[in-house]
A.B. asks: 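Just passing along the structure, written as structure tokens.
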Amino acid sequence: MAAPEAPARGLHCLARSFYARDSLEVAPELLNALVVAGQRVGRIVEVEAYRGAEDPASHAYRGRSRRNATMFGPPGHLYVYFSYGNHWCANAVCGEDGVAMAVLLRAISPVAGVEEMWAARPAARRLRDLGSGPGKLCQALGIDRRHDGADLVTGDRGVRIMTDGTASPPQPGNGSRVGISTAQDRPWRWWVPGDPNVSRPASGGAGRKWPGKP
DNA sequence: CCGCCGATCTTT
DNA sequence: AAGATCGGCGGG
């Protein structure tokens, strides 16, 4: 029997082998996956790839430090760092053990536990304020220092990345990464076209325009 | 909607 | 001294 495509599958966790590849390959495939943190669930709508020793914009470019140690560990773990003295940001560690590659989770669309997200983000006014940025996403999901090194495959600290069968977009938005001053020529940001939770329109000339804008 | 700027921790 | 950010404030 030829089962038609996209049968209703249950939720399942992305496997270790999914992450054990180059971050450039993993990043666009994480679009439309789900971050599950306790009761709270968000769909990933924007990511950026970082590539350690070959990437001047990566925290790992100059080698291992106390902060970035998780990036050098095995794939499928969460690298959480403190940014600008104010915010937490979360990455999925990729590549083989010892290779410092990661995918920064930049934006989510709220799916479940939305009341808890509002409570965690008192500054939010509109729904898209809950997860439209790497710091906002962590605050909405309750991710902080305690989650640095968490295993996304076993869910040892309550955080997992799962799929509900929704494929990543065949033609994702793509452009240069946000907030960096070097390596702006590398178009290593991807997003779900048209999603209102994406943090910013394309910039830097490397990518396609914001969907629906001139 | 847009731009400026301060907050305040980590690494160089 | 700069950085993988955000929110409050002012102006259009």
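Hydrogens, waters and symmetry mates are skipped; everything else that's a heavy atom, side chains included, is used. Chain A is the first sequence line, chain B the second, and so forth, proteins listed ahead of strands; every chain is numbered from 1. These numbers come from a predicted model, not from an experiment.
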A.B. asks: So, A/R43 and A/D164, do they make that salt bridge, N to O below 4.0 Å?
C.D. replies: yes
A.B. asks: Going by salt bridge (Lys or Arg N to Asp or Glu O under 4.0 Å), name the residues that satisfy it together with A/E54, two or more places apart in sequence or in a different chain.
C.D. replies: A/R51
A.B. asks: Can you tell me the distance, in whole Å, between the CD1 atom of A/I143 and the C1' atom of C/dT5?
C.D. replies: 16 Å
A.B. asks: Find the distance A/L137:CG to C/dG7:P and express it as a whole number of Å.
C.D. replies: 12 Å
A.B. asks: What parts of residues 91-113 of chain A reach DNA chain C, counting only heavy atoms under 4.0 Å away?
C.D. replies: A/N91, A/L104, A/R106
A.B. asks: Expressed as a whole number of angstroms, how long is the span from A/R200:CZ to C/dA4:P?
C.D. replies: 12 Å
A.B. asks: Would you please confirm or rule out a distance under 4.0 Å between OP1 or OP2 of C/dG3 and any side-chain N or O of A/S181?
C.D. replies: yes
A.B. asks: Given atom CZ of A/R126 and atom C1' of C/dG7, what is their separation to the nearest angstrom?
C.D. replies: 12 Å
A.B. asks: Any strand is fair game: report the nucleotide pairing with B/dC9 by Watson-Crick or G-U wobble, both distances under 3.5 Å, or none.
C.D. replies: C/dG3
A.B. asks: Any side-chain N or O of A/R121 under 4.0 Å from OP1/OP2 of C/dC6?
C.D. replies: no
A.B. asks: Looking at A/I180, is its backbone amide N or carbonyl O close enough to the side chain of A/Q184 to form a donor-acceptor pair, meaning the two atoms are under 3.5 Å apart?
C.D. replies: yes
A.B. asks: Given 3.5 Å as the limit, does a donor-acceptor pair link the side chain of A/D156 with the main chain of A/A150, or not?
C.D. replies: no
A.B. asks: Does A/R106 pair with A/E48 as a salt bridge, N-O distance under 4.0 Å?
C.D. replies: yes
A.B. asks: With a 4.0 Å cut-off on heavy atoms, is A/R51 in touch with a base, just the backbone sugar-phosphate, or nothing at all?
C.D. replies: nothing
A.B. asks: Check this for me, if you would: do A/R145 and A/D148 make a salt bridge, where the nitrogen-to-carboxylate-oxygen distance has to be below 4.0 angstrom?
C.D. replies: no
A.B. asks: Starting from C1' on C/dA4, measure out to CH2 on A/W190 and report it in whole angstrom.
C.D. replies: 14 Å
A.B. asks: Are A/E29 and A/R21 within salt-bridge range, i.e. N to O under 4.0 Å?
C.D. replies: yes
A.B. asks: Starting from C1' on C/dC6, measure out to OH on A/Y81 and report it in whole angstrom.
C.D. replies: 13 Å
A.B. asks: Quick check on the hydrophobic clustering: are A/V45 and A/L141 connected, directly or via other members, by side-chain heavy-atom contacts under 4.5 Å?
C.D. replies: yes
A.B. asks: In residues 58-70 of chain A, which residues come under 4.0 Å of DNA chain B by heavy atom?
C.D. replies: A/R62, A/S65, A/R66, A/R67
A.B. asks: Which is true for A/Y84 with a 4.0 Å heavy-atom rule: it touches a base, it touches only sugar-phosphate, or it touches nothing?
C.D. replies: base
A.B. asks: For A/D129 and C/dT5, what is the distance between atoms CG and P respectively, to the nearest whole Å?
C.D. replies: 17 Å
A.B. asks: Knowing that exactly one of A/Y81, A/F72, A/F82 qualifies, which makes a ring pair (Phe, Tyr, Trp, His ring centres under 6.0 Å) with A/H59?
C.D. replies: A/Y81
A.B. asks: Grab the NE2-C1' distance between A/H87 and B/dC9 for me, whole Å please.
C.D. replies: 12 Å
